[in-house]
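All ligand and atom numbering here is 1-based and tracks the order in the structure.
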Amino acid sequence: MSKPHLTTTAGFSIQHLQFMDHHGELTQALPSTINHETLIKLYEAMALTRLFDKKAINLQRTGQLGTYPSCHGQEAIGAAVGHAMQASDVFFPYYRDHATFLLRGTPMSDILSYWGGDERGSANMENRASEDFPICVPIADQCLHAAGAAFAFQYRNQARAAVVTIGEGGTSEGDFYEAINLAGAWKLPLVLVINNNQWAISTPISEQTACKTIAQKAIAAGIEGVQVDGNDVIAVHHVMQHALEKARSGKGPTLIEALTYRICDHTTADDARRYIPQDEYHAAFEFEPLKRLRRYLEKNNLWSEEKEKNMLTQHAATLDTIVTKFLERPKAQITDMFDYLYAELPKQFHFQRRELEAEYG
Ligand SMILES: Cc1ncc(C[n+]2csc(CCOP(=O)(O)OP(=O)(O)O)c2C)c(N)n1
Ligand SMILES: [Mg+2]
């Protein structure tokens, strides 16, 4: 671990962790938790996520998808989280976790269906690697769901971890504080991963909080907090593995702040050029996670132009299959909004459902 970033009188400290800088140079020896094979796998997953992202934006721009939140520049967080988790752990995602879904084996055509407003996008749970929850758009609700599941694992004596993701803006919400408080008080097997992309739509982190770091919020809950370079997939992967093992072995929760930058619009319904200072925005591209990992792999003779070309050809074919499956799925039913919301439809909605079906079904 590198030098503490902040130390309190109570003896808690916040570490800032990095293994690889933006030139693709190691700033400390590779941790034993990661090898070159894993790094290549992470690179390929991050590259596929970036292409998926581009494709989804194109689908939205051509009227074939609803609002979509890009994860451009933030792929290292999702890839590290997805790779470090085991199938028996449970993931409580927010809306910018495409890389994690990919590595969790979530059918990516379901993710497109979800953003296409199709209830079946969240419903095909039987296809999924585990008991992962659907995407949560109401900010910070997922932290409470995750704390509840973490309690269930603890109560049943199961060696499983609940992993929840949230943006830095979301950590201003009461639900987030309630979840970390409970996790600390009950020593829950919970890992909270904060994507600090420094913007909450148009609100910059400087206006969001007076805290120097998001990780230090862990101190108030009496839990371990660590800040990592969120563009360094090695660092995120390393802290994730540590936090997951700790959670599964009954040693309690961890809060991980992954520092990155949102080098994209908030969603396709946004135009970030209207509020992000352009010099800051363009400078952030030099720090993005794929570029540095490719540089590292090439310097170590683990990657080449030819391998890149072959990977892109393979990824294009994978994406074609995903998009075809999404576009060719049977049409959604208008009554889905009732049928997927309740296990058993409350009586007062029967009339509404019948009326809707009669008019548009
Ligand atoms: C409870 C709630 N309040 C407001 C919103 C509207 N909203 C959607 S995204 C967002 C900003 C979130 O920013 P952050 O937590 O930093 O995550 P990011 O989008 O940057 O990844 C807001 C306010 C919402 N979805 N839910
Ligand atoms: Mg944010």
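Of the charged side-chain nitrogens involved, at least one lies within less than 4.0 Å of a carboxylate oxygen, so that Arg160 and Glu131 count as a salt-bridged pair. Ion pairing between Arg295 and Glu286 holds under the 4.0 Å rule for side-chain N and carboxylate O. A salt bridge links Asp132 with Arg104: at least one charged nitrogen is closer than 4.0 Å to a carboxylate oxygen. Residues Arg96 and Asp53 are not paired through a salt bridge, judged by the lack of any N-O separation under 4.0 Å between the basic side chain and the carboxylate. The pair Arg294-Glu308 meets the salt-bridge criterion, since a charged nitrogen lies less than 4.0 angstrom from a carboxylate oxygen. Salt-bridge annotation for Lys309 and Glu305: absent, with no side-chain N of the basic residue lying under 4.0 Å from a carboxylate O of the acidic one. With salt bridges taken as basic N to acidic carboxylate O contacts below 4.0 Å, none links Asp339 and Arg120. With respect to Lys217 and Glu257, no salt bridge is recorded, no charged nitrogen being found less than 4.0 Å from a carboxylate O.
The proximity of Arg262 to ligand 1, defined as any non-hydrogen pair under 4.0 Å, does not occur for either the backbone or the side chain. Only side-chain heavy atoms of Arg96 come within less than 4.0 Å of ligand 1; its backbone N, CA, C and O stay farther off. Contacts with ligand 1 closer than 4.0 Å are made by heavy atoms of both the backbone and the side chain of Ala200. Residue-level proximity to ligand 1 for Trp199 is carried by the backbone, the only part with a heavy atom below 4.0 angstrom.
Of the polar atoms of Gly169, at least one N or O is found under 3.5 Å from an N or O of ligand 1, judged by distance alone.
The single protein non-hydrogen atom nearest to atom 4 (C) of ligand 1 is Ile139 CG1, 4.0 Å, given as residue, atom name and distance. Of all protein heavy atoms, the one closest to atom 17 (O) of ligand 1 is Tyr95 OH, 3.3 Å. Looking only at heavy atoms of the protein, atom 15 (O) of ligand 1 is closest to Gly170 N, 2.8 Å. Ranking the protein heavy atoms by distance from atom 21 (O) of ligand 1 puts Tyr94 OH, 2.6 Å first. In terms of protein heavy-atom proximity, atom 23 (C) of ligand 1 is closest to Ile201 CD1, 4.2 Å. In this structure, atom 25 (N) of ligand 1 lies nearest to the protein heavy atom Val137 O, 3.1 Å.
Among the backbone and side-chain atoms of Asn197, an N/O/S atom is found under 2.8 Å from the Mg ion (ligand 2). Put simply, Trp199 gets within reach of the Mg ion (ligand 2), with an N, O or S atom under 2.8 Å from it.
Side-chain atoms of Gln216 come within 3.5 Å of backbone N or O of Lys212 as a donor-acceptor pair.
Side-chain N/O atoms of Asp270 and Tyr275 include a donor and acceptor closer than 3.5 Å. If you check the side chains of Tyr296 and His36, you find a donor sitting under 3.5 Å from an acceptor.
By the 4.0 Å heavy-atom criterion, Asn195 is excluded from the residues contacting ligand 1.
The ligand atoms of ligand 1 that sit less than 4.0 angstrom from a heavy atom of Pro138 are 26 (N). Close approach of ligand 1 to Asn197 is summarised as follows: ligand atoms under 4.0 Å from at least one heavy atom of the residue are 18 (P), 20 (O), 21 (O). For ligand 1, the atoms lying closer than 4.0 Å to a non-hydrogen atom of His266 are 9 (S), 19 (O).
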(request) Go through Lys41 and Glu37 one step at a time and tell me if the salt bridge (Lys or Arg N to Asp or Glu O under 4.0 Å) criterion holds. (result) CA-CA 6 Å; Lys41 198 169 169 206; Glu37 200 185 315; over 6 Å; no
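By the definition of a contact as any protein heavy atom under 4.0 Å away, atom 6 (C) of ligand 1 is not in contact.
Closest N/O/S atom of Glu168 to the Mg ion (ligand 2): OE1.
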